[in-house]
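Read through the structure below, which is laid out as structure tokens, and then see the notes.
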There are 2 protein chains.
Amino acid sequence: MEALRTFLNDSKELSAKEMSFLVDHFEQRQIKRGTVLFEQGAIVNSIFFVAKGVLHHFNYNELGERKTIDLHDGPCFCTDLESFSESKRSEDGCIALTNCTVYVLTKEKYDSLVNTNVKWSNFAKRIIERTLIKILDQLKAISHKSIEERYLDLVKTKPDIIQNASIGTIASYLGTSRETLHRIRKKHLFS
Amino acid sequence: MEALRTFLNDSKELSAKEMSFLVDHFEQRQIKRGTVLFEQGAIVNSIFFVAKGVLHHFNYNELGERKTIDLHDGPCFCTDLESFSESKRSEDGCIALTNCTVYVLTKEKYDSLVNTNVKWSNFAKRIIERTLIKILDQLKAISHKSIEERYLDLVKTKPDIIQNASIGTIASYLGTSRETLHRIRKKHLFS
DNA sequence: TACCAACTGTGTCAAATGACACACTAACAA
DNA sequence: TTGTTAGTGTGTCATTTGACACAGTTGGTA
């Protein structure tokens, strides 16, 4: 619960009362490795906050190969935004790579929250803004850093991902092949 | 003006009166090729809506080389969100590659709008959501499509960018070298 | 224990890429 | 007109990459 509160109160603007009101919209759930959070063809009607654990968010290319879209390493939010906000069928899937503690915010609760008043709407807006800023950073890195740099960044900043995702999954996340990532790993074995 | 109205009323939910109220927050400006919209070291205190024209959004890597972050092809919004929303100094720059019609929304007007009531806050939230969905699509493409595929997509969907940005700028946008993009171009000369 | 499926490690080779070098062209200003 | 600057076209070559093939390893299960 603490991870959720800390993440949400990033700007330290919420009172204890407001925080209680906010977290009451979430439902805690302990999930096991292998649990499906959402899947291809279904409408994603929740936002998941991962307090602890690693999620594999993926889709399939035109050849039917599974491609990693993101590896979510708590604490962070996870959903298929397009499916959630536009009630479309998702093209993606999401599976827990470890046992996780997640807090689920259903669309119903979310809509209720953001329509309460301008404060909560702006609050949700700020969360989306933070997500967008994070994704824009990822986009810059992906365009202008080498696979090797990005792998080393990952080792440094997200060791849980390195430990829990297979080399193939990580390679796909980095946009390269299993073999190339293996060569990079080998090169850095003793550092 | 029409481009702005069409873009904003994507979901067709605004009345004529609401639309007037909304667009009154923007100021129209005609800018010339080469005009700087924002630059490194300054705080970006406006959101720009590009009705027509192409913008070059870039930053510099640790070697001082200019790297293309995005090529904005109207109609679309453009800003440095991190600088705008957190009043930080920007690390990026943005220059018009063509003469453009832009509508400027200052931070002051933006803040005033989103604090009016829950409806306008949710409206702004929806715009940011749409932007995030677009960027997530770009991220998927960049990870799992080849440079060649992405170049051909660009030719098909954004011909104004192809015509107005230099080959080096486009290569940087695609995350490759000028020479490699040249080879791809040559290969597709007659198709 | 024995088996199986998923994953990892590794070698080979053709193809793609980046870096470099340099000639050529277009646009613009003096 | 001439010079200057930015950008383009192109060849060479060392390096990196992806694809393929296959052996080894691991964890779970019958």
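Since the structure is predicted, the reported quantities are computational estimates derived from the model, not experimental observations. Chain A is the first sequence line, chain B the second, and so forth, proteins listed ahead of strands; every chain is numbered from 1.
For C:dG9, its base sits under 3.5 Å from the side chain of A:Arg178 at one donor and acceptor pair at least. For B:Arg183 against C:dG18, a side-chain N or O and a base N or O form a donor-acceptor pair under 3.5 Å.
In this entry the distance linking CG of B:Asn164 with P of D:dA6 reads 19 Å, nearest Å. Rounded to whole Å, the distance from CD1 on A:Ile167 to P on C:dT10 is 10 Å. Between A:Leu97 atom CG and C:dA6 atom C1' the separation is 14 Å, expressed in whole Å. Rounded to an integer number of Å, the gap from CG of A:Leu63 to P of D:dG18 is 15 Å. Atom pair A:Glu65:CD and D:dA19:P shows a separation of 8 Å (rounding to whole Å applied). Taking atom CZ of A:Arg185 as the reference point, atom C1' of C:dC7 lies 11 Å away to the nearest angstrom. Rounded to whole Å, atom P of D:dT10 lies 14 Å from atom CG of B:Leu181. Computed from coordinates, the A:His56 NE2 to C:dA6 C1' distance equals 15 Å when rounded to whole Å.
The side chain of B:Glu179 has C:dA19 as its nearest neighbour among C:dA19, D:dA21, D:dT17. Which of C:dT10, C:dT17, D:dG11 sits closest to the side chain of A:His182 comes down to C:dT10. Distances were taken from every side-chain heavy atom of A:Thr176 (C-beta onward) to each of D:dT17, D:dG7, C:dT17; the shortest belongs to D:dT17.
By the neighbour-count criterion of 12 heavy atoms within 6.0 Å, atom CD of B:Glu149 is densely surrounded, having more than that number from other residues, nucleotides or ligands.
The existence of a salt bridge linking B:Arg126 and A:Glu86 is confirmed by a sub-4.0 Å separation between a basic side-chain nitrogen and an acidic carboxylate oxygen. A salt bridge links A:Glu129 with A:Lys125: the closest approach of a Lys/Arg side-chain nitrogen to an acidic carboxylate oxygen falls below 4.0 angstrom. Contact check on A:Lys119 versus A:Glu18 returns a salt bridge, with a Lys/Arg side-chain nitrogen under 4.0 Å from an Asp/Glu carboxylate oxygen.
In this pair, A:His57 and A:Phe38 present their aromatic rings perpendicular. The plane angle is above 60°, beyond the 30 to 60° band.
The phosphate of C:dG18 (OP1 or OP2) has a side-chain N or O of B:Thr180 nearer than 4.0 angstrom.
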